[in-house]
K.L.:
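There's a structure below that I have some questions on.
Note on naming: letters A, B, ... go to the chains in the order of the sequence lines (proteins, then strands), and numbering restarts at 1 for each one. Any value given below was found using the heavy atoms of this structure, including those in side chains, with hydrogens, waters and symmetry copies removed.
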Number of protein chains: 2
Amino acid sequence: MADSPTPLKTNYHHGDLPQQAHELALEVLREHGDAAISLRALAKQIGVSAPALYRHFIDRDSLLAELAVTGFEALRERLLAVDQSNPRRALIDIGLVYVSFARDEPNLYRLMFGGRVLPKGIHPRLDIAGRGAFQVLEDTIAQAQAAGYVKPISLSLMTAAAWSLVHGLSQLSIDGHLPSAKAEPHLTEGVVTLLLDGSIAENKQHKKDTTS
Amino acid sequence: MADSPTPLKTNYHHGDLPQQAHELALEVLREHGDAAISLRALAKQIGVSAPALYRHFIDRDSLLAELAVTGFEALRERLLAVDQSNPRRALIDIGLVYVSFARDEPNLYRLMFGGRVLPKGIHPRLDIAGRGAFQVLEDTIAQAQAAGYVKPISLSLMTAAAWSLVHGLSQLSIDGHLPSAKAEPHLTEGVVTLLLDGSIAENKQHKKDTTS
DNA sequence: TAACAATGTTACTGGTGATAACTTATGGCT
DNA sequence: AGCCATAAGTTATCACCAGTAACATTGTTA
């Protein structure tokens with residue numbers, strides 16, 4: 001493959017601009033928030049002219065949308081990693097992982113859900129990625145329902161409740177609206193359990209003591 | 001008021017700049033989002049020079065923070081208006097009002113909770129206003145607890161759960177992440193009820209059928 | 001080798017937040 | 001009444017930003 005005599009001399013073509021810009025932007029986002037992302041600054045830091053970025057990102061918003069997509073994908077992966085053997089425990093763990101993701105990456109999480117990027121329909125990939133993360137939660141609930149661990153109510157209702165709970169918890173947590181940010185996991189587990197105990201099927205009610 | 005001889009001739013001193021700027025900014029926010037708020041544009045529309053605004057708002061962020069404060073105050077008022085006679089019904093109605101507020105003023109709501117303005121400690125008035133709205137919810141829960149309609153668990157835990165639920169529901173709703181945006185109130189009521197039924201005190205459990 | 005497409009470049013426009021230095025009206029004090 | 005400190009405007013200016021247009025360089029392909 002082309003051992004050209006002077007392969008390093010010319011850096012006219014960067015060769016990896018999109019990915020490097022993406023990574024650098026992600027780093028800036030994580031550390032300083034989306035507002036701190038400047039295409040000019042990115043270009044300068046990479047060592048390339050500013051308009052070059054427009055060859056790969058039609059927009060600044062487009063770049064942010066890509067970052068949000070990777071965020072949803074990362075969230076999805078972390079949600080997929082939870083052990084699904086015990087349905088009830090899986091639901092709680094999903095909540096814990098979800099909230100811990102938001103706490104680990106508050107700026108990324110805010111970008112994903114801040115409504116700043118996503119007029120919902122402008123960036124199809126973003127919608128797909130978001131749906132992908134959501135799907136894990138829904139599948140887990142459906143599984144728990146099938147196993148009889150959750151009331152057989154409307155799946156969409158149950159999912160909306162669960163997602164709202166962990167999402168709201170995440171948002172309030174990273175915004176500092178909750179007291180005792182230290183004992184966070186305990187709070188999360190307590191809150192999720194609270195919802196769960198209200199969703200336990202009648203015939204499993206007597207089992208409640210075995211889990212705690 | 002005060003028919004001074006030539007009250008209109010001199011407009012060097014606007015006389016009402018802060019309030020008018022606040023109102024105009026709020027209108028822009030509601031219709032186009034916080035990103036669309038430009039001090040220069042505001043000044044031009046009011047008919048005043050841009051730096052004039054800096055006499056009244058030390059910062060752009062400071063103006064946004066004031067808008068968020070009014071948002072929290074408005075939310076608090078709407079929450080205070082719900083009928084508190086029936087504790088259970090009050091909790092559900094609080095949730096309905098909360099979510100409907102977010103849906104009525106999505107851009108304002110996003111500003112209030114977007115984490116864009118509130119490093120939590122920079123704007124004391126904002127913290128106070130936020131706490132004020134939160135307090136209504138907490139008081140309602142405490143009341144319901146005192147009346148025996150809610151499990152006597154930690155008030156902060158119960159409040160965190162309730163707030164997370166309605167907040168998450170609001171956020172997901174205004175971002176279009178929930179299906180069937182039409183039957184929104186029904187969904188909200190169902191979700192809140194779901195949490196509530198998990199929080200019902202043992203001795204009131206048999207009453208469950210009377211409400212549905 | 002000639003044409004082409006992709007990827008980069010410099011030059012430029014319009015808009016933004018913010019500050020400095022200056023000007024004018026207001027209102028309290030003597 | 002007259003004065004003057006100060007509040008509330010003004011113009012001028014800076015630094016930064018997103019985005020566009022026109023041009024230059026490279027790799028590929030006919």
K.L.:
Would you mind reading off the distance between A:Ile46 atom CD1 and C:dT9 atom P, rounded to a whole angstrom?
P.N.:
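In whole Å, C:dT9 P lies 11 Å from A:Ile46 CD1.
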K.L.:
Any salt bridge linking A:Asp104 with A:Arg30? Criterion: basic side-chain nitrogen under 4.0 Å from a carboxylate oxygen.
P.N.:
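The answer is no: the pair does not qualify as a salt bridge.
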K.L.:
Using distance alone, with no hydrogens and no angle criterion, decide if A:Ser173 and A:Arg103 have a side-chain donor and acceptor under 3.5 Å apart.
P.N.:
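Present: a donor and an acceptor within the cut-off.
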K.L.:
So what does A:Leu53 touch, heavy atoms closer than 4.0 Å: a base, only the sugar-phosphate, or nothing?
P.N.:
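Touches nothing.
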K.L.:
Give the intermediate values and the outcome of side chain to side chain donor-acceptor pair (under 3.5 Å) for residues A:Asp139 and A:Gln143.
P.N.:
CA-CA 6 Å; A:Asp139 289 350; A:Gln143 214 167 323; over 6 Å; no
K.L.:
Quick check: does any side chain N or O of B:Gln145 sit under 3.5 Å from a backbone N or O of B:Ile153, one acting as donor and the other as acceptor?
P.N.:
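Pair found, side chain donor or acceptor close to backbone of B:Ile153.
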K.L.:
Going by distance alone, is a donor N or O of one side chain under 3.5 Å from an acceptor N or O of the other, for A:Arg60 and A:Ser38?
P.N.:
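A:Ser38 and A:Arg60 do not have a side-chain donor-acceptor pair below 3.5 Å.
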K.L.:
Using a cut-off of strictly less than 4.0 Å between a heavy atom of the residue and any atom of DNA chain C, enumerate the qualifying residues of residues 55-69 of chain A by number.
P.N.:
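Within this stretch, A:Arg55, A:His56 sit under 4.0 Å of the strand.
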K.L.:
To the nearest Å, how far apart are A:Lys44 NZ and C:dT9 P?
P.N.:
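So the two atoms are 14 Å apart, to the nearest Å.
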K.L.:
Where the side chain of B:Ala52 is concerned, which of D:dA21, C:dG8, D:dT10 is the nearest nucleotide?
P.N.:
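That would be D:dT10.
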K.L.:
To the nearest angstrom, how far is B:Tyr54 atom OH from C:dT19 atom P?
P.N.:
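In whole Å, C:dT19 P lies 7 Å from B:Tyr54 OH.
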K.L.:
B:Arg40 has a side chain; which of D:dT13, D:dT11, D:dA18 sits nearest to it?
P.N.:
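Nearest to the side chain of B:Arg40 among the choices is D:dT13.
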K.L.:
Considering just the side-chain nitrogens and oxygens of B:Ser38, establish if one lies under 4.0 Å of OP1 or OP2 belonging to C:dT16.
P.N.:
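Yes, such a contact exists.
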K.L.:
Take A:Ala50 and B:Pro18, find for each the nucleotide of DNA chain D with the closest heavy atom, and name the residue whose nucleotide sits nearer the 5' end.
P.N.:
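Its nucleotide being nearer the 5' end, the pick is B:Pro18.
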K.L.:
Does B:Ala50 offer a backbone N or O that forms a donor-acceptor pair with the side chain of B:Arg40 under 3.5 Å?
P.N.:
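Absent.
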